Amino acid sequence: MNVDYSVLGRQYKKYQNEYEEAALRAMRSGWYILGNELEKFEADFAAFHGMDCCVGVGNGLDALRLALEAMEIGKGDEVIVQANTYIATALAVSETGAVPVFVDADVFFGIDSNLLEKAITCKTKAIMAVHLYGQPCEMDKILAIAKEHNLYVIEDCAQAHGAVYKGKLTGTFGDAGCFSFYPTKPVGALGDAGAVLTNDNVLAERIKMLRNYGSRVKYQHEILGLNSRMDEIQAAVLGVALKYVNEGNSERRKIAAAYLEGIHNTNIVLPKIKPEAEHVFHIFPILCEERNRLYNFLEKNGIYTQIHYPVPCHLAKCYQELGYQAGDISTAEHYASSELSLPIYVGITKEEVSYVIDKINQFE
């Protein structure tokens, strides 16, 4: 048996008629940028989260970057970021001219809130909380620290659509919640797209200008902006995906439960679930000291996995000028050397999940 890491076509086929009707509706409208489809998706996505404003943008990186720029964070400023996130989180900070200050992760793969106070300096302007793999960060403690030091809180929700912490959806805690709608995400487009959630109308208006060349009125450019607009076809498709996000999250939770119950290999460390958190399992991460050997063993048995992420941000070549060395951020480095992501997606069969479990349990 072969088990691919992800098969996007299965979710597409499940809702094929609705996806195609939505895309055709957008194409037939004759209006393809900043139109009714985007306005409707923005309203629906905001309502889903109980938030006032949603601004659709080109991708998740731009969502983070534009949120930072709208907060006027830039050269000379610092933003605290966990080292074990995807590079886009840190790049968003760098693209504003600010400097990412990397801190270590906790046992749940999120930012270690116990390390935040030590990382704060007179230059710190924001904390970037990444709900990595679909599990919420410890938002109450992060918010308390941010309030004490008068810092912005930006949530990177790229992998956590529909995740809940202490009764609240991710993306609704901080000053801005930033989302990627890359096709594999719980709410996935059929291409690139992203969005920013906020209850700050002024911030939302500024992000709208920034995404559209710094303009509210055509050819009237009030601030330096860029082109980062979610197109109408993606907005229409995302409207369908949003309808089924809870259904998809429920399916992934069942798959995760099967892995958690069925895998009993002592060479494997299974993911821990934070109390009072509702994980959506965009990714199911396991840890193994012999990760590369396990990867090859599974591949030889037709099971395809991925690594999230093999190089922690602080050791990426693009950040070598910041002066971090191997050993500086130990937990993130441990995750980078031992994490392996198992297949988990809408449409994977029980037989495929059972096969993955059986092969992992056979690994020696």
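Fair warning: this is a prediction, and the values are worked out from it, not measured in the lab. Only this structure's heavy atoms are used, side chains among them; waters, hydrogens and symmetry mates stay out.
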Evaluation steps, salt bridge (charged side-chain N to carboxylate O under 4.0 Å, His left out), between K208 and E222: CA-CA 12 Å; K208 286 181 180 180; E222 302 174 42; over 6 Å; no

For salt bridge (charged side-chain N to carboxylate O under 4.0 Å, His left out), just list the numbers for K125 and E72, CA-CA rounded to whole Å, side-chain angles, deciding distance to a tenth of an Å, and then say yes or no. CA-CA 10 Å; K125 293 296 186 293; E72 299 185 321; over 6 Å; no

Between the CZ atom in F281 and the CG atom in N249, the distance rounded to the nearest 0.5 Å is 11.0 Å

side-chain hydrogen bond (donor to acceptor under 3.5 Å, both in side chains) partners for K123, two or more places apart: none

Hydrophobic clusters here meaning ILVMFWY residues chained together by side-chain heavy-atom distances under 4.5 Å, can you tell me if L270 and I360 are in one? yes

When you check the side-chain N and O atoms of E232 and S29, is any donor under 3.5 Å from an acceptor? no

Rounded distance (nearest 0.5 Å) linking atom CG of N296 with atom CZ of R291: 10.5 Å

Are N301 and M1 side-chain neighbours, meaning at least one heavy-atom pair lies under 4.5 Å? no

Do we get K185 above F179's six-membered ring, with its NZ or CZ under 6.0 Å from the centre and within 45° of the axis? no

For a quick check under 3.5 Å, do H131 and E155 share a side-chain donor-acceptor pair by atom type? yes

Pair Y244-E18, side-chain donor/acceptor within less than 3.5 Å: yes

Quick check: does any side chain N or O of D4 sit under 3.5 Å from a backbone N or O of V7, one acting as donor and the other as acceptor? no

Is the ring pair Y324/H314 parallel, tilted or perpendicular, if the boundaries are 30 and 60 degrees? perpendicular

dist E148:CD -> L116:CG (nearest 0.5 Å) comes out at 11.5 Å

Would the number of heavy atoms belonging to other residues, nucleotides or ligands and lying under 6.0 Å from NZ of K13 be above 12? no

Checking T85 side chain against Q82 main chain: does a donor-acceptor pair fall under 3.5 Å? no

Taking all non-hydrogen atoms of both residues into account, name the closest pair between A90 and C313 and its distance. CB-SG, 4.4 Å

If we ignore hydrogens and angles and just use 3.5 Å, is the side chain of S228 paired with the main-chain N or O of G58 as donor and acceptor? yes

Quick check for you: to the nearest 0.5 Å, what is the distance between C137 atom SG and I111 atom CD1? 7.0 Å

Testing the 3.5 Å rule here: is there a donor-acceptor pair between the side chains of Y319 and S94? yes

Which of parallel (below 30°), tilted (30 to 60°) and perpendicular (above 60°) describes Y335 and F109? tilted

Tell me whether the count of non-hydrogen atoms from other residues, nucleotides or ligands lying under 6.0 Å of CZ in F297 goes above 12. yes

Write down the atom of A70, the atom of I207, and the distance for their closest heavy-atom approach. CB-CG1, 3.6 Å

So E69 and R206, salt bridge (charged side-chain N to carboxylate O under 4.0 Å, His left out) or not? Walk me through it. CA-CA 9 Å; E69 291 191 355; R206 190 168 174 83; over 6 Å; no

Beyond-backbone contact of H334 with E289, side-chain heavy atoms, under 4.5 angstrom: yes

Hydrophobic cluster membership, with links at side-chain heavy-atom distances under 4.5 Å among I/L/V/M/F/W/Y: are I255 and F284 in one? yes

Indicate whether the side chain of T349 and that of E352 have a donor and an acceptor atom separated by less than 3.5 Å. yes

Output yes when a side-chain donor or acceptor of N361 lies under 3.5 Å from a complementary backbone atom of H264, and no otherwise. yes

Check for me, please, whether M230 and L210 land in the same ILVMFWY cluster - side-chain distances under 4.5 Å, paths through other members count. no

Check the hydrophobic clustering (I, L, V, M, F, W, Y; side-chain heavy atoms under 4.5 Å; chains of links allowed) and say if L197 and L169 are grouped together. yes

For D140, look at atom CG and say whether over 12 heavy atoms of other residues, nucleotides or ligands are found less than 6.0 Å away. yes

Measuring only between side-chain heavy atoms, which start at C-beta, is L151 closer than 4.5 Å to T124? yes

Using a distance-only test with no angle check, is there a side-chain donor-acceptor pair under 3.5 angstrom linking S113 and E138? yes

Counting distance only, does the side-chain N/O of R211 pair as donor-acceptor with the main-chain N or O of G56 below 3.5 Å? yes

Side-chain touch E78/I120, heavy atoms, less than 4.5 angstrom: no

Checking side-chain polar atoms at under 3.5 Å, does E247 have a donor or acceptor matched by the opposite partner on Y15? yes

Using a 6.0 Å cut-off, check whether atom CG of N227 has over 12 heavy atoms from anything other than its own residue. yes

What heavy-atom pair brings L203 and D175 nearest, and what distance separates the two atoms? CD2-O, 3.7 Å

Please check if I273 and I268 belong to a single hydrophobic cluster, counting links between Ile, Leu, Val, Met, Phe, Trp and Tyr side chain heavy atoms closer than 4.5 Å. yes

Distance-only polar pair, side chains of E339 and S341, donor-acceptor under 3.5 Å: yes

Value for OG1 (T89) from CG (D156), rounded to nearest 0.5 Å, stands at 4.0 Å

For I73 and T96, which heavy atoms make the closest approach, and how far apart are they? O-CB, 3.4 Å

How about E364: does its CD atom have over 12 heavy atoms from other parts shown lying under 6.0 Å from it? no

Can you give me the closest heavy-atom contact between P285 and I283, atom names plus distance? CD-O, 3.3 Å

Measure the acute angle between the ring planes of H161 and F181, then classify it against the limits of 30° and 60° as parallel, tilted or perpendicular. perpendicular

Does some side-chain heavy atom of F363 sit less than 4.5 Å from a side-chain heavy atom of N265? yes

Please round to the nearest 0.5 Å and tell me the distance separating atom OG1 of T170 and atom CD of Q159. 11.0 Å

Do you know which two heavy atoms are closest between T305 and L342, and how far apart they sit? CG2-CD2, 4.2 Å

Test V101 against V79 for side-chain contact (heavy atoms from CB on, under 4.5 Å), laying out the working first. CA-CA 6 Å; V101 174; V79 177; over 6 Å; no

Determine whether S330 and D104 make a side-chain contact, defined as any pair of heavy atoms from C-beta on separated by less than 4.5 Å. yes

Strictly by modelled atom types, are Y345 and R252 linked by a side-chain donor-acceptor pair under 3.5 Å? no

Is it true that Y5 and Y304 have ring centroids separated by less than 6.0 Å? no

Would you indicate whether the side-chain heavy atoms of M71 and I154 approach each other to under 4.5 Å? yes

Test F45 against L242 for side-chain contact (heavy atoms from CB on, under 4.5 Å), laying out the working first. CA-CA 8 Å; F45 199 67; L242 180 61; 3.9 Å; yes

With a 4.5 Å limit on heavy-atom distance, are the side chains of S338 and L287 in contact? yes

Output all residues satisfying salt bridge (Lys or Arg N to Asp or Glu O under 4.0 Å) with E251, sequence neighbours left out; order by chain, then residue number. K14

So does E261 have more than 12 non-hydrogen atoms from other groups sitting under 6.0 Å from CD? no

Step-by-step salt bridge (charged side-chain N to carboxylate O under 4.0 Å, His left out) determination, E37 to R28: CA-CA 12 Å; E37 295 291 348; R28 288 167 176 163; over 6 Å; no

